[in-house]
Amino acid sequence: MILVLLLDFNNLRKVDTSKILMELFKDIKNIDDPGKQPSYIPELTHVDPNKFGVHISTIENFHSGVGDFQERFSIQSIAKVLALSLAYRMQGEKIWERIGVEPSGTPFNSLVQLEADKGIPRNPFINAGALVISDLLISSLKNPKEEFLAFVRDAANNPTIDYSSKIAESEKTAGFRNVALCNFIKALGNIQNDPNEVLDFYFHLCSIEMSCEELSQLFLFLANNGMKLNEEKEVLTANQCKRVNALMQTCGFYDESGEFAFKVGLPGKSGVGGGIIAVHPNQYAIAVWSPKLNPKGNSFKGMQFLEAFTTKTHSSIF
Ligand code: GLU
């Protein structure tokens with residue numbers, strides 16, 4: 001049975017994937033979108049809510065996109081996967097002494113579990129976890145912002161990827177929950193650096209701008225056992241790659257991670273800029289962007305699109 005599904009997908013990849021993307025795009029573009037853009041990062045409300053783009057990249061070097069797939073947007077929490085990857089690559093298993101690997105079942109910016117958990121965030125993808133990862137990176141990099149960006153550019157083979165100082169500044173002026181989270185974790189002993197420096201780094205990593213096309217190409221390393229495609233260059237070891245994918249599967253959508261597994265069936269990560277990246281190990285990475293978010297903070301149309309895509313192509317991992 002598994003073999004039949006894989007063969008199906010191989011055929012679709014060669015013959016029909018672009019057509020399927022286009023058909024689903026047309027269907028989903030016109031559905032009523034009850035979502036809302038996040039107002040707590042004022043700059044994000046200036047983005048056209050009707051933007052919609054999709055791009056797929058496969059490990060066989062097939063690439064196809066539709067809609068606004070070449071326009072850059074704020075990748076927000078999708079960058080947490082890249083921050084985790086760099087920290088994991090540099091420091092190995094000891095990062096798990098300061099951060100858990102369990103789904104939180106709470107919203108992305110929740111403070112409630114931290115006290116009971118003594119400042120150890122449940123996973124690296126909730127904001128608390130990404131703040132601890134930021135702290136780890138600041139401790140081990142000389143010029144954290146420059147070196148993190150260099151890592152992303154190198155993994156993407158794209159020297160033009162950059163932070164948006166406008167978005168970082170916008171979040172800094174209104175990101176009061178993140179300020180609270182960072183100070184609370186510092187008080188509980190799991191932030192070692194100055195909280196202002198940690199927050200500045202965190203707001204910058206969230207402000208990185210990329211297109212769906214750039215994202216799906218970059219994230220192919222997670223579909224390719226940690227190796228950059230077309231190069232013998234390791235971003236993560238195969239075991240680290242397996243674990244990052246497992247975390248995306250179980251924690252990538254906050255308290256909607258179960259729903260994403262249930263409906264889409266791929267490891268993935270969302271961001272409040274309306275982007276979602278999803279990875280099918282050994283096959284493909286697909287990025288979707290639509291700025292209006294459902295109440296859990298995930299792109300409404302992005303979720304709909306990916307559910308329809310994996311259903312139509314029989315290409316979820318389940
Ligand atoms: N910068 C956002 C925040 O900290 C990221 C959240 C997200 O994209 O889910 O609230």
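The figures that follow rest on heavy atoms only: side chains count, while hydrogens, waters and symmetry mates do not. Both ligands and their constituent atoms are indexed starting at 1 by order of listing. Sequence positions, counted from 1, serve as the residue numbers for this chain. Here the structure is a predicted model, which is why all the values come from computation and not from measurement.
Shortest contact from atom 2 (C) of ligand 1 to any protein heavy atom: Q76 OE1, 3.1 Å. The protein heavy atom nearest to atom 7 (C) of ligand 1 is S77 OG, 2.6 Å. With hydrogens left out, the protein atom closest to atom 4 (O) of ligand 1 is Y202 OH, 2.6 Å, a heavy atom.
Here the side chain of N109 pairs no donor or acceptor atom with the backbone of N178 at under 3.5 angstrom.
Within ligand 1, the atoms closer than 4.0 Å to a non-hydrogen atom of G271 are 8 (O), numbered from 1 in the order shown. The F108 neighbourhood of ligand 1 comprises atoms 6 (C), 10 (O), with distances under 4.0 Å to a heavy atom of that residue. In the vicinity of N127, heavy-atom distances shorter than 4.0 Å reach the ligand 1 atoms 3 (C), 4 (O), 10 (O). Close approach to N178 involves these atoms of ligand 1, each under 4.0 Å from a residue heavy atom: 3 (C), 4 (O), 10 (O).
Tested against Y254 for a side-chain hydrogen bond (donor to acceptor under 3.5 Å, both in side chains), the candidates S110, S104, S270, S77 yield a single pass: S77. Just one residue in the list D135, N196, L131 forms a side-chain contact (heavy atoms from CB on, under 4.5 Å) with C182, and that residue is L131.
Within the structure, the closest approach of Y254 to ligand 1 falls below 4.0 Å when heavy atoms are considered.
Contacts of C206 with ligand 1, taken as heavy-atom pairs under 4.0 Å, involve the side chain alone. For E171, every heavy-atom contact with ligand 1 shorter than 4.0 Å involves the side chain, none the backbone.
For E23, the CD atom sits in a packed shell: over 12 heavy atoms of surrounding residues, nucleotides or ligands are nearer than 6.0 Å.
Here D194 does not pair with K186 in a salt bridge; the nearest charged N to carboxylate O distance is not below 4.0 Å.
Below 3.5 Å of separation, one finds an N or O of Y40 facing an N or O of ligand 1.
Aromatic ring orientation, W289 versus F73: parallel (interplanar angle below 30°, classes split at 30° and 60°). Relative orientation of the F305 and F309 rings is parallel, given thresholds of 30° and 60° on the angle between their planes.
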